[in-house]
Amino acid sequence: MAPDPLRSKIVKTFRLHGLSLRSEGSTYLQSLLRESDHSEADEALSRIIDVLSNLNLPSPVVDKSVLESAVSECNDDVQPENSDKMFNVIDVFEAPRHKYNYERKKLLLDTSPKSLFGCAADKTRITKDRYWLIMQRIERHDLFTPPVPGAISQSHKFDLQTVEQVLGQQGEHKHTIVMAMLVQIEEGKYFLEDASSHMLCDLSAAKFHVGMFTENTFVLAEGSYDDVKNVFKVSGVGLPPPEPPRITRNYFGSTNFFGGPSTASVGSIQLLRDMEREKQDAMFVFVSDVWLDQPSVLSKLKTMFTGYSKVPPFAFVFFGNFTSGQSHKNTVSKMKAGFKALADMLSSFPSLCSDSYFLFVPGPQDPGPGPVLPRPPLPDSIVEPVTKKLARARMCSNPARVQYCSQEMVLFRENLINKMCRHCIKFPLRSEELHVHLAKTLLSQGHLAPLPLHAMPVYWSHDHALRLYPIPDVVVVADKYDAFSVSATDCLIFNPGSFPKSNFSFKVYLPAQKKIENCEIST
């Protein structure tokens with residue numbers, strides 16, 4: 001009797017992931033997938049494997065009871081009547097931390113405890129984790145994968161070497177490419193450092209490509225090593241190419257790296273994709289620098305609320321700073337008064353209070369534990385007037401993660417362009433396109449803060465909270481710089497601009513169309 005193709009597919013899929021099925025387990029899956037077509041069966045098996053990979057299984061042999069719990073978890077990911085599954089605001093302090101295992105070629109969930117007061121090992125792990133996340137995606141990029149013997153290559157291949165390999169060469173060799181971090185080990189001298197070693201580099205004749213290159217930036221450096229002068233003469237510096245999220249998902253499956261209640265990535269859940277398409281009129285309103293101590297800002301907000309009262313947006317996203325000027329002893333009292341005024345104003349718009357979410361992301365000058373990232377939400381004592389009157393108010397961390405249907409959004413309030421420019425090794429040639437350089441740098445580094453720790457401090461145990469890998473659908477960088485929007489690598493990156501400093505302009509995002517609209521309240 002010929003073997004059942006479906007049974008063979010199930011057994012083969014599990015074996016490819018280092019698992020084996022008991023007979024009753026494979027029979028159980030056959031009964032579930034019998035009516036599914038080829039693509040549906042593949043997706044279902046992928047999701048089951050992802051759930052199993054997140055469990056600490058005592059043995060690679062999977063029985064029926066384990067499969068039943070895994071299938072139940074997959075089925076419970078999204079319920080149509082549960083709006084909490086459709087929209088979630090994720091505190092990045094609770095975001096999952098994954099570590100790349102080079103031997104197994106997998107991203108594994110790191111369950112070790114996280115503390116605000118990290119140890120020395122946590123600090124060194126920041127650089128190591130960033131390095132391996134970039135290196136593993138570079139190694140499978142078309143430009144750096146070894147050519148297949150006998151195959152017709154459509155693109156030129158490059159040989160990527162480690163610093164240790166370069167140091168072991170004799171004489172001067174051309175066209176050597178290394179992926180390493182730019183650092184200043186000695187004052188005034190730049191080095192290229194990777195997991196193997198470090199070497200002095202000469203950037204005087206280097207051509208810098210698109211991007212913002214600062215210390216601690218991981219770069220692709222092309223050049224030749226002079227073993228007489230013991231220096232790597234760099235001819236070109238570029239950013240590692242980012243990886244589209246669909247390729248990342250093809251490689252790592254539908255595991256949820258973003259956070260939230262769903263076990264699988266929300267982009268892989270068909271029900272959420274259908275709900276997203278159905279809600280064609282859903283919109284997110286993004287406003288930055290909401291200075292609640294300024295009467296002109298409150299007046300314009302009232303005009304905005306009046307305009308949207310008949311067609312409530314799905315969510316208003318307000319970024320700090322929530323007071324004008326520098327932080328001082330009266331800031332807290334001003335913020336309390338400002339949030340009370342906002343709550344009283346919104347009481348006049350019951351449709352917005354009942355139908356719209358209100359998200360508040362703290363700014364650099366707002367009260368908090370200091371300039372270290374990530375920042376916790378605004379203190380309850382300050383925002384109490386809003387949270388009491390608005391059932392849908394959400395106080396967010398900075399950065400914050402938002403899941404809407406099948407889309408993943410990252411919200412970040414930081415004057416990032418100014419800081420990046422201040423620490424650039426070489427200022428970008430096309431300064432009028434600074435936002436393009438910034439967008440490419442963030443996606444290439446897979447991180448919101450590709451700067452030295454002294455320039456942008458980060459809690460060592462929570463550095464993963466600033467990752468942009470896999471690349472999300474939307475990244476909002478609320479900056480005092482001019483408003484912009486850039487689309488790159490299947491990701492939309494935009495800045496709504498400073499509300500009071502840009503003629504009261506803001507941005508509206510339409511998730512169903514993945515479209516940005518520029519809006520302004522006329523004077």
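Here the structure is a predicted model, which means the values were calculated and not measured.
Cation-pi geometry between K105 and Y102 is met: under 6.0 angstrom from the ring centre, within 45 degrees of the axis. Geometrically, R394 does not engage Y357 in a cation-pi contact defined by less than 6.0 Å to the ring centre and at most 45° from the axis.
In this structure, the side chains of F412 and N398 come closer than 4.5 Å at one or more pairs of heavy atoms. At a threshold of 4.5 Å between non-hydrogen side-chain atoms, the residues P96 and L109 count as touching. With a 4.5 Å cut-off on side-chain heavy atoms, R401 and V92 count as touching. A 4.5 Å side-chain heavy-atom check between L239 and F213 finds at least one atom pair inside the cut-off. Within the 4.5 Å cutoff, side-chain heavy atoms of F319 are placed close to those of V476. For the pair L451/K419, a side-chain contact is recorded, criterion being any heavy-atom separation below 4.5 Å from C-beta on. Using a 4.5 Å cut-off on side-chain heavy atoms (C-beta onward), V266 and F258 make no contact. Put simply, the side chain of E215 does not reach to within 4.5 Å of the side chain of L182, judged on heavy atoms.
Proximity of a side-chain donor or acceptor of D194 to a complementary backbone N or O of V163 within less than 3.5 Å is detected. Side-chain atoms of Q280 never come within 3.5 Å of backbone atoms of Q513 as a donor-acceptor pair (strictly under, hydrogens ignored). Formation of a donor-acceptor pair under 3.5 Å by the N101 side chain with backbone atoms of R104 is found in this model. Listed for the S356 side chain is a donor-acceptor partner under 3.5 Å among the backbone atoms of P313. Using a distance-only test at 3.5 Å, with no hydrogens or angles considered, a donor-acceptor pair links the side chain of H141 to the main chain of L143. A donor-acceptor contact shorter than 3.5 Å is absent between the side chain of D289 and the backbone of F499. A donor-acceptor pair under 3.5 Å links the side-chain atoms of R375 to the main chain of D366, judged by distance alone. Formation of a donor-acceptor pair under 3.5 Å by the R137 side chain with backbone atoms of W132 is not found in this model. The backbone N or O of S115 sits less than 3.5 Å from a side-chain atom of S461, completing a donor-acceptor pair. Judged by distance alone, with hydrogens and angles left aside, the side-chain atoms of S235 form a donor-acceptor pair with the main-chain N or O of E222 at under 3.5 Å.
Y509 pairs with exactly one of K514, Q407, K515 by the side chain to side chain donor-acceptor pair (under 3.5 Å) rule, that one being Q407.
Ion pairing of R467 with D129 is present here, as a side-chain N (NZ or NE/NH1/NH2) and a carboxylate O approach within less than 4.0 Å. Between D42 and K9, at least one side-chain N (NZ, or NE/NH1/NH2) sits under 4.0 Å from a carboxylate O, which counts as a salt bridge. Looking at R130 and D463, a side-chain N of the basic residue comes within less than 4.0 Å of a carboxylate O on the acidic one, giving a salt bridge.
A 6.0 Å sphere centred on NZ of K99 holds no more than 12 heavy atoms belonging to other residues, nucleotides or ligands. Heavy-atom neighbours of R140 CZ from other residues, nucleotides or ligands within 6.0 Å: above the threshold of 12. Atom CD of E40 has more than 12 heavy atoms from other residues, nucleotides or ligands within 6.0 Å.
Ring pair F257/F252 is perpendicular by interplanar angle, where above 60° counts as perpendicular and below 30° as parallel. Taking the six-membered ring where tryptophan is involved, the planes of Y404 and F284 are perpendicular, since the angle between them exceeds 60° and thus also 30°. Using the six-membered ring where Trp is involved, F144 and F158 have ring planes that are tilted, between 30° and 60° apart. In this structure, F358 and F360 have parallel ring planes: the angle between them is below the 30° cut-off, well short of the 60° mark.
Here the CE atom belonging to M212 is positioned 3.5 Å from the SG atom belonging to C421, to the nearest 0.5 angstrom.
Annotation for L448 and V475: closest pair CD2-CG1, 4.2 Å, computed over non-hydrogen atoms.
In summary, the aromatic rings of F506 and F286 are positioned with their centroids too far apart to meet the 6.0 Å limit.
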**Request:** Let me see the working for S265 and S268 under side chain to side chain donor-acceptor pair (under 3.5 Å), right down to the final yes or no.
**Result:** CA-CA 6 Å; S265 165; S268 66; 4.7 Å; no

**Message:** Show, in sequence, the C-alpha distance, side-chain angles and deciding distance for R273 and S406, and conclude whether the side chain to side chain donor-acceptor pair (under 3.5 Å) test is met.
**Reply:** CA-CA 5 Å; R273 295 200 295 266; S406 68; over 6 Å; no

**Request:** Just do the side-chain contact (heavy atoms from CB on, under 4.5 Å) check on T217 and I425 with the steps written out, would you?
**Result:** CA-CA 10 Å; T217 299; I425 294 172; over 6 Å; no

